[in-house]
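Order of appearance sets the numbers: ligands from 1, and atoms from 1 within every ligand.
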Amino acid sequence: MAIKRVAVLTCGGDAPGLNGVIRGIARAAENVYGAQVFGFIDGFKGMIENKYMVLDQANTSGILHRGGTILGTSNRDNPFQYPMGRDEGGKLIFGDVSDQAMGNLTRLGIQALIVIGGDGSLHMAHQFADKGVRVVGVPKTIDNDLDATDQTFGFDTAINTVMEALDRLHTTAESHHRIMVVEVMGRYAGWIALHSGMAGGADVILVPEIPYDLNVVIKKIQQRSQQGKHFSLVTVAEGAAEKEGQMVVAAHIEESTDPIRLGGVGQVVAEKLGRLTGLESRTTVLGHLQRGGSPTALDRILTTRLGVKAMETAINGPWNHMVSLRGNEIVTVPIAQAIDRLKNIQPDSEIVRAARAVGICLGDVYDDE
Ligand code: F6P
């Protein structure tokens with residue numbers, strides 16, 4: 001049976017490039033496969049509530065350069081654990097509404113579902129595949145922490161945004177002889193901090209994968225002062241933690257599919273560094289700036305290729321697979337491989353060694369060790 005009706009949804013935190021994937025899917029559907037594409041509104045919420053728009057050439061035109069997603073997204077609506085209200089004590093009650101969502105697919109005659117999301121959303125996609133839906137995943141997250149793909153889309157734009165901020169902070173740090181601490185996103189992975197820090201000339205980069213010792217950072221800053229550099233740029237991933245310390249949690253969002261929100265480590269690091277070095281310090285938290293705005297050329301091309309490949313896979317299979325960048329090729333890999341574990345920085349990897357080789361302090365070993 002030929003597949004002629006496919007649905008797509010964008011799910012979880014947004015990332016620059018979502019519209020590029022939607023456009024690639026809708027255009028390949030019309031130009032290559034003669035298929036119709038239904039876009040569910042606000043992620044799985046739209047699938048549960050049967051809210052959708054039919055995507056075509058006209059309504060996917062002029063969106064490649066736009067951040068966000070024309071379909072809307074949500075990181076609160078897991079159909080397998082859906083918030084149903086509160087009990088008498090005010091505690092949230094969750095229920096499984098996946099059959100209701102499946103019913104809407106059947107009623108609309110949807111034969112395959114493309115889920116554009118990170119590990120949480122792809123986990124849900126995998127659960128729908130177990131229930132018999134032909135599912136295709138597209139790897140999205142600025143954090144770049146998804147396994148089984150060399151890179152996720154949105155990451156390149158995010159690191160360019162941080163790099164630009166670091167360039168700006170560099171000049172003011174130098175003028176005022178200050179320590180500038182920049183806190184970046186990334187959840188439990190340090191990819192954004194490592195890549196943007198390297199691109200932006202950071203002196204210190206702190207990541208969750210390498211617990212830091214503040215004395216090592218202080219020594220680095222003091223060495224710079226002795227060399228006549230009375231300022232330092234410190235890039236801190238939101239998930240970075242001191243040796244034997246804890247990550248700094250900003251909030252618990254009960255109804256979220258991923259309830260812990262990290263944040264605040266930048267302020268903690270800046271306060272201690274200022275006090276212990278005697279240098280003035282300031283913190284910049286880039287926050288959601290990293291998720292917004294126009295995608296880079298790399299992300300526009302990557303998302304176009306991923307969208308086209310996702311449509312091809314939705315039509316021909318293999319289903320329950322994710323489209324993935326491997327080397328210079330877009331291939332398919334089982335979704336199970338992508339959600340098995342998070343992709344983290346390997347402390348002994350070539351990129352970490354390169355960072356150390358150019359004098360970047362990662363907070364774990366003294367320069368002269
Ligand atoms: O996963 C993307 C991400 O931006 C993380 O880097 C960050 O920790 C989290 O989402 C923030 O989530 P929210 O948009 O709910 O504040």
Side-chain angles (χ1 to χ4, degrees), residues 9-18 21 42-45 67-69 71-78 81 83 92 115-125 137-147 149 151-163 165 182-197 205-209 235-241 246-268 283-293 295-296 299 303 322 338-339 341-345:
L9 56 86
T10 54
C11 195
D14 66 348
L18 284 164
V21 184
D42 294 339
F44 282 112
K45 191 177 173 43
T69 159
L71 291 175
T73 186
S74 161
N75 55 12
R76 295 177 179 229
D77 301 294
N78 177 353
Q81 216 193 338
L92 260 183
V115 175
I116 311 173
D119 65 323
S121 319
L122 293 178
H123 190 82
M124 296 168 213
V138 184
K140 164 241 63 166
T141 167
I142 63 160
D143 304 333
N144 199 34
D145 60 354
L146 207 56
D147 211 10
T149 182
Q151 191 161 316
T152 54
F153 75 82
F155 174 64
D156 187 64
T157 306
I159 61 173
N160 273 283
T161 301
V162 180
M163 180 188 73
V182 183
E183 180 183 308
V184 301
M185 284 184 165
R187 285 203 307 172
Y188 307 107
W191 297 109
I192 296 180
L194 180 63
H195 283 240
S196 65
I205 300 175
L206 305 178
V207 295
E209 294 87 344
T235 307
V236 190
E238 62 183 356
Q246 302 285 324
M247 291 183 185
V248 183
V249 174
H252 286 264
I253 302 175
E254 203 187 348
E255 62 274 31
S256 171
T257 51
D258 181 11
I260 294 177
R261 288 295 175 281
L262 298 170
V265 66
Q267 185 57 36
V268 171
T283 320
T284 302
V285 181
L286 290 177
H288 293 83
L289 278 176
Q290 296 158 94
R291 293 234 302 259
T296 56
D299 273 334
T303 52
M322 177 183 88
I339 58 175
R341 52 167 199 172
L342 287 183
K343 183 176 72 184
N344 279 103
I345 296 170

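Among protein residues, Asn75, Ile142, Asp143, Met185, Gly186, Arg187, Glu238, Arg261, His288, Arg291 come within 4.0 Å of ligand 1, judged on heavy atoms.
Shown here are the side-chain hydrogen bond (donor to acceptor under 3.5 Å, both in side chains) partners of Lys343, two or more places apart in sequence or in another chain: there are none. Looking at residues two or more places apart in sequence or on another chain, you find a side-chain hydrogen bond (donor to acceptor under 3.5 Å, both in side chains) between Asp119 and Arg187. Residues forming a side-chain hydrogen bond (donor to acceptor under 3.5 Å, both in side chains) with Asp42 (at least two apart in sequence, or on another chain): none.
A side-chain contact (heavy atoms from CB on, under 4.5 Å) with Asn144 holds for exactly one of Leu194, Asp156, Thr152; it is Thr152. Of the residues listed (Thr296, Thr303, Thr141), the one engaging Phe153 in a side-chain contact (heavy atoms from CB on, under 4.5 Å) is Thr303, and it is the only one.
The CD1 atom of Ile116 sits 7.5 Å away from atom CG of Leu9, with the distance rounded to the nearest 0.5 Å.
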